[in-house]
Amino acid sequence: MGRNIAIDLGTASVLVYVEGEGIVIREPSVVAVNRNEKKVLAVGTEANRMIGRTSGEIIAVRPLRDGVIADFEVTEAMLRYFIRAALRHRSTLWGKPSKAVICVPCGVTEVEKRSVEMVARRAGVRDAFIAEEPMAAALGAGLPVGQPIGSMVVDIGGGTTEMAVISLSGVVVSESLRIAGDRMDEVIVAHARKKYSLAMGEKTAEEVKIAIGTAMPPRSNERFEVRGRSLKNGLPVTVYFTARDAYEALGDIVQKIIECIRNLLEETPPEIMGDILHGGITLTGGGALLRDLDIAINRETGIPVYIAQHPLDCVALGAGMMLSSISSYCVSRSRRDTTR
Ligand code: ADP
Ligand code: MG
């Protein structure tokens with residue numbers, strides 16, 4: 001019998017967890033596709049490497065970018081690739097994985113979830129289950145989800161921000177927002193264009209965000225050197241993008257996330273509010289690492305805010321923890337989707 005696996009099929013990255021082993025795969029959710037024939041050429045890290053180094057015939061597709069499946073065929077190819085990669089991993093070599101828990105963004109429809117299960121089975125998994133992402137995030141963050149205590153988790157990924165209040169292994173209330181890390185990159189690009197007439201790529205914008213992005217007024221005058229093309233005369237130009245610029249660009253997004261948290265708090269039953277006030281809000285996903293985001297949320301809600309220990313790994317770790325008690329966590333065929 002083989003080992004069980006868990007997959008976090010994220011909008012920005014895919015993580016694969018192998019039971020008894022931990023996270024063994026961590027790659028971008030990118031697929032390289034031939035523009036004309038729509039043929040899948042490479043997946044993950046390898047796909048990323050191909051982009052920009054070819055004739056332009058090859059394009060990068062992020063099939064889950066906005067938290068919905070934009071192209072099922074490409075998503076299927078990606079999932080198959082990662083399951084096969086997990087199968088090739090040494091700890092699963094002595095047999096097929098018998099069970100797989102797969103986390104997909106909340107915007108994925110019921111029909112698509114069933115198709116994802118089918119794809120997983122065709123790729124060599126005996127039993128595939130789809131789990132709710134916020135539940136996996138909360139479990140992976142170490143929150144007491146199985147207890148009669150309300151916990152609140154906010155997962156900020158690439159394409160979506162998903163948040164939920166959880167108690168007794170169930171989602172009590174949840175909210176989902178199509179604003180997260182990618183949108184942060186986009187507003188940095190827009191800010192560079194407007195203020196410095198600079199054409200900045202999204203990859204560079206992500207670097208800027210990670211280096212100096214902040215949700216609170218910056219305390220220092222840190223800056224990030226960006227080389228790009230001037231939109232005025234098309235010539236190469238160097239611009240110093242400051243932490244203040246990043247703060248100004250990101251402000252609206254931070255406010256939208258806080259607004260969504262407020263809505264969720266309003267929907268939260270009063271008997272659970274006390275638990276949240278006490279236990280706080282836990283941030284997971286890559287966006288949780290945006291500097292001072294925890295402070296900004298705390299300032300505006302008055303609730304303590306914690307960043308999970310390994311925010312990028314929570315969903316995969318939580319999905320892995322679900323392997324041993326699938327019936328209590330996974331959305332089975334008969335259960336209603338409570339996230340939308
Ligand atoms: P998903 O689950 O949707 O695949 P992740 O949880 O992997 O997404 O988070 C990816 C997002 O987190 C990206 O937008 C990335 O730029 C962002 N991110 C990663 N590290 C940081 C950081 N230190 N500061 C701000 N954002 C970050
Ligand atoms: Mg995620």
Side-chain angles (χ1 to χ4, degrees), residues 6-17 23 25-31 44-45 48 62-70 75 78-79 82 101-108 130-141 153-164 176-189 201-216 218 222 224 243 246-247 249-250 253-254 257 282-297 307-320 339:
I7 302 174
D8 168 11
L9 207 55
T11 68
S13 44
V14 176
L15 279 73
V16 180
Y17 172 100
I23 294 168
I25 296 172
R26 204 189 286 272
E27 292 192 37
S29 14
V30 176
V31 181
T45 310
N48 241 7
R62 277 177 55 198
L64 294 165
R65 191 183 168 113
D66 300 313
V68 295
I69 294 183
T75 308
M78 187 169 84
L79 181 62
F82 285 115
V101 168
I102 304 169
C103 281
V104 296
C106 291
V108 172
I130 302 291
E132 285 170 295
E133 206 160 33
M135 180 66 75
L139 258 175
V153 67
V154 177
D155 182 273
I156 306 164
T160 59
T161 296
E162 325 234 342
M163 45 185 86
S176 180
L177 199 62
R178 276 191 205 161
I179 293 176
D182 294 333
R183 192 63 74 81
M184 296 183 196
D185 304 344
E186 285 165 25
V187 297
I188 288 174
V189 169
E202 274 183 27
K203 268 265 155 261
T204 307
E206 185 182 21
E207 285 170 29
V208 169
K209 171 184 74 179
I210 291 173
I212 58 169
T214 174
M216 293 290 289
E222 263 182 295
F224 191 92
Y247 166 68
L250 295 171
I253 290 177
V254 171
I257 291 173
T282 299
L283 306 182
T284 65
L289 294 167
L290 180 71
R291 194 190 297 172
D292 288 348
L293 181 60
D294 51 340
I295 298 176
I297 296 171
I307 300 167
Q309 202 169 14
H310 302 290
L312 288 157
D313 298 352
C314 288
V315 171
L317 293 175
T339 54

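Whatever order the structure lists them in is the order used to number ligands and atoms, beginning at 1.
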Checklist line | For D155, all residues meeting side-chain hydrogen bond (donor to acceptor under 3.5 Å, both in side chains), sequence neighbours excluded | finding: T284
Check: So how far is it from R62 CZ to D182 CG, rounded to the nearest 0.5 Å?
Finding: 4.0 Å
Note to self: I'd like to check the side-chain hydrogen bond (donor to acceptor under 3.5 Å, both in side chains) partners of E202; sequence neighbours left out, ordered by chain and number.
What the structure shows: R65
Next item on the list: Please list, by chain and number, the protein residues whose heavy atoms come under 4.0 Å of ligand 1.
Entry: G10, T11, A12, S13, G157, G158, G181, D182, E206, K209, I210, G285, G286, G287, L289, L290, L312
Counting only pairs under 3.5 Å, give me each side-chain donor-acceptor contact of residues 205-212, with atom names and distances, residues two or more places apart or in other chains.
residue, atom, partner, partner atom, Å
E206, OE1, K203, NZ, 3.2
K209, NZ, G181, O, 3.2
K209, NZ, D185, OD1, 2.9

Checklist line | Nearest heavy atoms of V189 and G201, plus distance in Å | finding: CG2-O, 4.0 Å
Checklist line | Exam field: side chain T11 to backbone G67, donor-acceptor pair closer than 3.5 Å | finding: no
